Asks: 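After the structure tokens below, expect a handful of questions from me.
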Amino acid sequence: MRTEICHLEKHEGEKASLAGWVANKRTGKGLVFLELRDGSGFCQCVVDENQVKPEVFELAKGAALSASLKLEGNVVKDDRQIGGFELQVLSLEIIQNVEDYPISNKEHGVDFLLEKRHLWLRSKKQWAVMRIRSRTKFAIHQFFQERGFTQTDSPIFTGAACEGTTTLFESDFYGQEAFLSQSGQLYAEATAMALGKVYTFGPTFRAEKSKTRRHLSEFWMIEPEMIFYDLDMNMDLIEEFIRYVVTDIFTTHKAELEILGRDTKLFENIGTSFPRITYDEAVEILHGKRDVNGVSAIKTLENDLEEVKASIVEKNKDIEERETAIAAGGMKKGKVNFNRNKIDTLKNEVKDLEEKERNIPQWLESAKNFKHGADLGGSDETIITRLFDTPVMVYKWPKDIKAFYMKRDEEDDNYVKGVDCLAPEGFGEIVGGAQREDSLELLEQRIKEHDLPMEAFEWYLDLRRFGTVPHAGFGLGFERMVMWLTNVPHIRETIPFPRYYGRLFP
Ligand code: 4AD
Ligand code: MG
């Protein structure tokens, strides 16, 4: 019977049969090391010339990357291995050998990998990301279910825009104009009036012709909606929720985080409360007029720039030294390969640093010139969160840059009770939410101001006509959350088959 790699510990000191694919292969004197993957984990399988029949050894030598195979052997504890075990192979059968597997273990360009996404998903890092994605979804459901929320679904075909008309995907619904849903919120408000505390968790669509590292055309959103919640209670819930999910992943998926090289210091600190600043305070931070704990965001970024420059010099020197050593000759083949790989990695790191070296001065410039009333851009969010090592809440926003449904601030009609939760380390907005406008008259006024078709919102206005109550909610961008947890460079690596401007295949 086949044992899954993740269950090898039950067979320590015994024989076991594994089956899967070759993830990596190394050969030594009289030895072949096959790294096997079977979806549940990775396991080093050692084929020793002296322990197996000659034909088995030949098969092992000939097994190429991504060949599918079955193996039998003895399970031995080995703490150096990812899963903690090694298989000492006794027999082996190839199901299908492979020629020219497109994805080798050297560095590939990201465009190439995206073309081959259906195969790229097999590599170790992508495996780790997908495992974390799956668990994050589970933790989210668990959080809300434990707290008595009812999960309700919202339609994907919709007749009205929720988040502005500029990012709508148009569709044809039996001859009627329809759009793919930008957000399930309006429907969640309706189900909240029936069920009290609800959340939706579904795909949402935004036609954004941008290729930033944070935008997808199709992404998943979690949208809780709660009756008798105000803005403060909404922020309390956002904080508890984010902390819960981060802690869950940090405790259950340590091995995956390690594969991804994720620095988890921040996750350990997630217990401290998330700072809450108003939009106006955020603008002062950008202008260098407000310090946080005696530290200026602008000065911090200037220091970052100096560090980046120094690091580039250091890494380039390291590259040069390794290249000189290889060129001098006399180095063993294994060591040459090791150094070549290291050089590749260093070169990529330098490329990233050079990008930062170009970006930081632009960010500083744009922060200095930030106009009060504008929306925060990605770089502004990076600057603001740079001062904190937890997520930050920015609330009380100018009404003109926020959606029509947000409740106006009683003290100043120019502001609304919206909140964005920004993740640190340059990830930026992961949550957008608000207390909702619960007055029929004010809501009608806002719909007119936003130039939206009143007829499309008649059903929504019924929620304010028939027993309106204060309520609030928010939306977490699921892939943004996974991106932050896994620290992948681009949001498209957080979903099995990303859809974004320019990509419909595979
Ligand atoms: O801030 P947004 O637009 O808010 C809403 O849609 C509200 N109706 C939510 C609510 O109150 N129920 O989007 C919410 C979150 C953002 O904070 C971001 O994390 C994510 O959705 N998001 C995107 N993620 C990936 N690609 C895109 N193009 C995204 N646009 C928004
Ligand atoms: Mg938003």
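Predicted model, so just to flag it, every value in this text is computed and none were measured. The figures here come from the full heavy-atom set of this structure, side chains too, leaving out hydrogens, waters and symmetry mates. Numbering of ligands and ligand atoms starts at 1, following listing order. Along the sequence shown, the residues carry numbers beginning at 1.
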Asks: Is Ala434 close enough to touch ligand 1? Criterion: a residue heavy atom under 4.0 Å from a ligand atom.
Replies: no
Asks: Heavy atom to atom 18 (C) of ligand 1, shortest distance: which of Met483, Arg499, Arg480 holds it?
Replies: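 Going through Met483, Arg499, Arg480 one by one, Arg480 has the nearest heavy atom to atom 18 (C) of ligand 1.
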Asks: List the closest protein heavy-atom neighbour of atom 1 (O) of ligand 1: residue, atom name, distance to the nearest 0.1 Å.
Replies: Glu429 OE2, 3.0 Å
Asks: Should the proximity of Val431 to ligand 1, defined as any heavy atom under 4.0 Å, be assigned to the side chain, the backbone, both, or neither?
Replies: backbone
Asks: Restricting to pairs with a member in residues 179-199, which pass ring pair (Phe, Tyr, Trp, His ring centres under 6.0 Å), not counting sequence neighbours?
Replies: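 Residue pairs with at least one partner in residues 179-199: His141-Tyr199, Phe144-Tyr199, Tyr187-Trp459.
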Asks: Who passes side-chain contact (heavy atoms from CB on, under 4.5 Å) against Phe228, sequence neighbours left out?
Replies: Val469, Pro470
Asks: Are any of the N/O atoms on Glu223, whether in the backbone or the side chain, positioned under 3.5 angstrom from an N/O atom of ligand 1?
Replies: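 The answer is yes, given that Glu223 and ligand 1 share an N or O pair closer than 3.5 Å.
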Asks: Looking only at distance, does Phe219 have an N or O less than 3.5 Å from an N or O of ligand 1?
Replies: no
Asks: Is it the side chain, the backbone, both or neither of Phe478 that has a heavy atom closer than 4.0 Å to ligand 1?
Replies: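 Neither part.
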Asks: Should Cys162 be counted as touching ligand 1, given the test is an N or O pair under 3.5 Å?
Replies: no
Asks: Show the atom names and distances, to 0.1 Å, of all donor-acceptor pairs under 3.5 Å that link a side chain in residues 426-435 to residues at least two apart or in another chain.
Replies:
| unit_1 | atom_1 | unit_2 | atom_2 | d |
| --- | --- | --- | --- | --- |
| Gln435 | OE1 | Leu231 | N | 3.1 |

Asks: Does any N or O in the side chain of Thr204 come within less than 3.5 Å of the main-chain N or O of Phe219, such that one atom is a donor and the other an acceptor?
Replies: yes
Asks: Side chains of Glu208 and Tyr500 only: does a donor on one sit below 3.5 Å from an acceptor on the other?
Replies: no
Asks: Looking at Arg206, which atoms of ligand 1 are within less than 4.0 Å of one of its heavy atoms?
Replies: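 Selected atoms, number and element: 2 (P), 3 (O), 5 (C), 6 (O), 13 (O), 30 (N), 31 (C).
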Asks: For the Mg ion (ligand 2), what is the number of protein N, O or S atoms at a distance under 2.8 Å?
Replies: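 The number of such protein atoms is 1.
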Asks: If we only count N/O pairs under 3.5 Å, is Gln182 in contact with ligand 1?
Replies: no
Asks: Can you list the ligand 1 atoms lying under 4.0 Å from a non-hydrogen atom of Gly432?
Replies: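 Listed by number with element: 1 (O), 9 (C), 10 (C), 11 (O), 17 (O).
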Asks: Between Arg214 and ligand 1, which part of the residue brings a heavy atom under 4.0 Å of the ligand: side chain, backbone, both or neither?
Replies: backbone
Asks: Is it the side chain (CB and beyond), the backbone, both or neither of Arg436 that lies under 4.0 Å from ligand 1, heavy atoms counted?
Replies: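 The answer is the side chain of Arg436.
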